[in-house]
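Below: the structure, in structure tokens.
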Amino acid sequence: MVLSIYMGSMLHDAVSDLMRLHPDTPPDTFALFERFLAWTNPRRQQSGTT
């Protein structure tokens, strides 16, 4: 749980940085979610295999 909160704050920082560096191109939010948060919940990954 704490890891998810921390990674969520890192995701927020990454989106802010990307928007500052590339203001005309919105960040791919799905890809960022997969990179920063999806792996922190192993139940989410297992639920897709049944």
Side-chain angles (χ1 to χ4, degrees):
M1 174 86 159
V2 174
L3 177 61
S4 297
I5 294 169
Y6 174 73
M7 293 308 294
S9 69
M10 294 294 101
L11 170 61
H12 181 270
D13 290 347
V15 169
S16 295
D17 290 345
L18 287 170
M19 292 181 72
R20 183 175 42 83
L21 294 171
H22 306 284
D24 297 329
T25 308
D28 182 354
T29 54
F30 180 77
L32 289 171
F33 174 83
E34 289 294 316
R35 177 175 288 196
F36 282 89
L37 289 173
W39 62 271
T40 64
N41 186 357
R43 287 189 214 150
R44 181 175 180 268
Q45 294 171 357
Q46 291 175 354
S47 65
T49 60
T50 56

Check residues 20-32 and write down every donor-acceptor pair under 3.5 Å in which the side-chain atom is one partner and the other belongs to a residue at least two apart or another chain.
residue	atom	partner	partner atom	Å
R20	NH2	D17	OD1	3.4
D28	OD1	F30	N	3.3
D28	OD1	A31	N	3.3

Which atom pairs, donor and acceptor, lie under 3.5 Å between side-chain atoms of residues 1-16 and protein residues at least two apart or in another chain?
residue	atom	partner	partner atom	Å
S4	OG	T40	OG1	3.2
S9	OG	Y6	O	2.6
S16	OG	H12	O	3.1

Exercise: identify the closest heavy-atom pair between W39 and F36: NE1-O, 3.4 Å
